[in-house]
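Some notes on the structure that comes next.
All values below come from the heavy atoms of this structure, side chains included, with hydrogens, waters and symmetry mates left out. We count residues from 1, following the sequence as given.
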Amino acid sequence: MASSYLASRTSYLAFLLLAPCSSLLGQQTPNRPIGDVSATLVDTAVWNGLEWRMIGPVNMSGRVADVEGVPGNPNVVYVGSASGGIWKTINGGITWKPIFDSQPIASIGDIALEPGNPDVIYVGTGESKPRNSASYGNGVYKSTDGGQTWRHIGLTNSERVARIIVSPTDPKVVYAGVLGHVYGPNAERGVYRSADGGATWERVLYI
């Protein structure tokens, strides 16, 4: 558990600390094809001032279940926790705001942002990593205003949603990987697909 938690934190911190420097990685030497790794120039002095630091969210959030950033905007990041809801930063981690506290569930399994429209957020509730104290959820939620408001959109009995994916070519198509009840077979387990942005769901893969 500790190694997974630290790995999540480490990946997230690396993203925030190194994102401002990412533009340097694409510089190419003359007469070299794009994509040639040997041609990439990096000024190593860029890394000299970087130090690790804790930037949150802290207190009772529990294990980090998922981290989602907005492509092209490194200041906006969402963090879903195993027992502390969802946190959002709009300033690269300087401050954090809980945005899921008004919902009846605090355990998060996965977060997905709609490609091309990051204000549309899907959240699968229920921690999907089985352990003695893993909390359960009550299905999938959706926000269309960057997490200001939420509505429950189904899969109420899923208990634990491990993954949500929004199609990059058709934002109405959404897939949800559902673990369901942890300690035995159950009808809820499987992969679900929605063709209408989460209004209805069909189980398309199961045993």
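- In this structure, OH in Tyr78 is found 3.5 Å from CD1 in Ile121, a value given to the nearest 0.5 Å.
- Side-chain N or O atoms of Trp96 include none that pairs as donor or acceptor with a backbone N or O of Val79 at under 3.5 Å.
- By the side-chain contact (heavy atoms from CB on, under 4.5 Å) test, Glu202 pairs with Arg193, Val204, sequence neighbours left out.
- For the side-chain hydrogen bond (donor to acceptor under 3.5 Å, both in side chains) test, no residue two or more places apart in sequence or in another chain qualifies with Thr144.
- How far CD of Glu68 is from CG of Asp110: 6.5 Å, rounded to the nearest 0.5 Å.
- Asp66 pairs by the side-chain hydrogen bond (donor to acceptor under 3.5 Å, both in side chains) definition with nothing, not counting sequence neighbours.
- Separating the CZ atom in Arg203 from the CG atom in Leu205 is a distance of 9.0 Å, to the nearest 0.5 Å.
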From CA spacing to verdict: side-chain contact (heavy atoms from CB on, under 4.5 Å), Val140, Leu155:
CA-CA 6 Å; Val140 179; Leu155 302 182; 3.8 Å; yes
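- Closest heavy-atom contact between Ala112 and Val166: CB-CG2, 4.2 Å.
- Residues that satisfy the side-chain hydrogen bond (donor to acceptor under 3.5 Å, both in side chains) test with Tyr192, not counting sequence neighbours, are absent from this structure.
- Every residue two or more places apart in sequence or in another chain that forms a side-chain contact (heavy atoms from CB on, under 4.5 Å) with Ser167 is listed here: Thr169, Asp170, Val173.
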Residues 97-109, side-chain donor-acceptor partners within the protein, below 3.5 Å, at least two apart:
unit_1 : atom_1 : unit_2 : atom_2 : d
Ser107 : OG     : Ala82  : O      : 2.8
Ser107 : OG     : Glu127 : N      : 2.9
Ser107 : OG     : Ser135 : O      : 3.4

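- Between Val67 and Val77, some side-chain heavy-atom pair lies under the 4.5 Å cut-off.
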Please list, one pair per line, the donor and acceptor atoms closer than 3.5 Å that link side chains of residues 174-188 to other protein atoms, with sequence neighbours excluded.
unit_1 : atom_1 : unit_2 : atom_2 : d
His181 : ND1    : Glu159 : OE1    : 3.3
His181 : ND1    : Glu159 : OE2    : 2.9
His181 : NE2    : Glu188 : OE1    : 3.3
Tyr183 : OH     : Arg131 : O      : 3.0
Asn186 : OD1    : His181 : N      : 3.3
Asn186 : OD1    : Glu188 : N      : 3.4
Asn186 : OD1    : Arg189 : N      : 3.3
Asn186 : ND2    : His181 : O      : 3.1
Asn186 : ND2    : Gly184 : O      : 3.0

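- Lys142 NZ to Asp145 CG: the interatomic distance, rounded to the nearest 0.5 Å, is 11.5 Å.
- Between the OG atom in Ser194 and the NZ atom in Lys172 there is a gap of 9.0 Å [rounded to 0.5 Å].
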Test Lys88 against Val76 for side-chain contact (heavy atoms from CB on, under 4.5 Å), laying out the working first.
CA-CA 7 Å; Lys88 179 180 181 178; Val76 179; 4.0 Å; yes
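- Take Asn48 and apply the side-chain contact (heavy atoms from CB on, under 4.5 Å) test, not counting sequence neighbours, and it matches Ala45.
- In terms of hydrophobic clustering, with Ile, Leu, Val, Met, Phe, Trp and Tyr side chains grouped at heavy-atom distances under 4.5 Å, Val120 and Tyr141 are assigned to different clusters.
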Could you go step by step and tell me if Ile111 and Tyr122 meet the side-chain contact (heavy atoms from CB on, under 4.5 Å) rule?
CA-CA 6 Å; Ile111 303 171; Tyr122 292 87; over 6 Å; no
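- Looking at residues two or more places apart in sequence or on another chain, you find a side-chain contact (heavy atoms from CB on, under 4.5 Å) between Asp119 and Asn117.
- For the pair Val161/Ser128, no side-chain contact is recorded, criterion being any heavy-atom separation below 4.5 Å from C-beta on.
- Closest approach of Pro118 and Gly116 over heavy atoms only: CD-C, 3.8 Å.
- Contact between Pro168 and Pro115 at its shortest, heavy atoms only, is CA-CG, 4.0 Å.
- Distance CG/Asn138 to CZ/Arg160: 12.0 Å, rounded to 0.5 Å.
- The two residues Pro71 and Gly69 make their nearest non-hydrogen contact at CD-O, 3.5 Å.
- Both Val70 and Ile86 are members of a single hydrophobic cluster when ILVMFWY side chains are connected at heavy-atom separations under 4.5 Å.
- Within the 3.5 Å criterion, the main-chain N or O of Thr149 finds a donor-acceptor partner in the side chain of Ser143.
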